[in-house]
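Since the structure comes first, as structure tokens, the remarks are kept for the end.
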Amino acid sequence: MDVFQMLRYCGQKDYGGLVQYFSEEISNLAKVGYDFVAMTGKTPHIVFDNLQSRSPIPLACMLEAACRATQRTGYHSSAC
């Protein structure tokens with residue numbers, strides 16, 4: 001996925017367009033045999049929940065995984 005395209009959508013606050021862009025790209029990955037997509041950047045997570053509900057394959061969320069790992073250590077964050 002093109003990070004510059006993602007940043008354009010974010011700069012314009014066009015989150016619907018961002019969801020559509022990511023949804024199309026995720027669908028293309030599913031069509032060629034991907035089993036899941038790992039969302040590893042921070043910025044795409046502003047639309048993660050919406051993407052997850054539309055995705056034909058599972059999405060792995062880096063932020064959720066980091067929060068779970070942090071909580072297991074006993075650390076606390078208002079973000080988790």
Side-chain angles (χ1 to χ4, degrees):
M1 294 177 212
D2 183 349
V3 68
F4 298 108
Q5 184 66 22
M6 177 196 65
L7 292 174
R8 275 191 287 279
Y9 282 116
C10 289
Q12 297 168 356
K13 297 188 184 325
D14 181 3
Y15 303 119
L18 182 61
V19 168
Q20 184 63 35
Y21 171 67
F22 276 141
S23 293
E24 290 171 7
E25 295 296 323
I26 291 167
S27 291
N28 290 338
L29 293 173
K31 288 176 188 172
V32 297
Y34 279 63
D35 295 322
F36 70 96
V37 171
M39 304 293 286
T40 60
K42 291 187 313 184
T43 304
H45 286 84
I46 58 176
V47 295
F48 184 85
D49 291 338
N50 199 330
L51 282 174
Q52 190 171 36
S53 68
R54 297 173 62 156
S55 180
I57 55 179
L59 302 180
C61 175
M62 175 194 71
L63 295 178
E64 288 178 14
C67 282
R68 283 192 304 273
T70 300
Q71 289 169 341
R72 282 194 301 270
T73 66
Y75 293 110
H76 301 283
S77 169
S78 61
C80 294

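Along the sequence shown, residues are numbered consecutively beginning with 1. This structure is a prediction, so every number in the text was calculated from the model and none was measured.
- Residues meeting the side-chain hydrogen bond (donor to acceptor under 3.5 Å, both in side chains) test with Arg8, sequence neighbours left out: Gln5.
- Residues passing the side-chain hydrogen bond (donor to acceptor under 3.5 Å, both in side chains) test with Thr40, sequence neighbours excluded: none.
- When hydrophobic residues (I, L, V, M, F, W, Y) are linked wherever their side-chain heavy atoms come within less than 4.5 Å, the members clustered with Val37 are Met1, Val3, Phe4, Met6, Leu7, Tyr9, Tyr15, Leu18, Val19, Tyr21, Phe22, Ile26, Leu29, Val32, Tyr34, Met39, Ile46, Val47, Phe48, Leu51, Ile57, Leu59.
- For Gln52, the side-chain hydrogen bond (donor to acceptor under 3.5 Å, both in side chains) criterion is met by no residue, not counting sequence neighbours.
- Counting all heavy atoms, side chain and backbone alike, Cys61 lies closest to His45 at SG-CD2, 3.2 Å.
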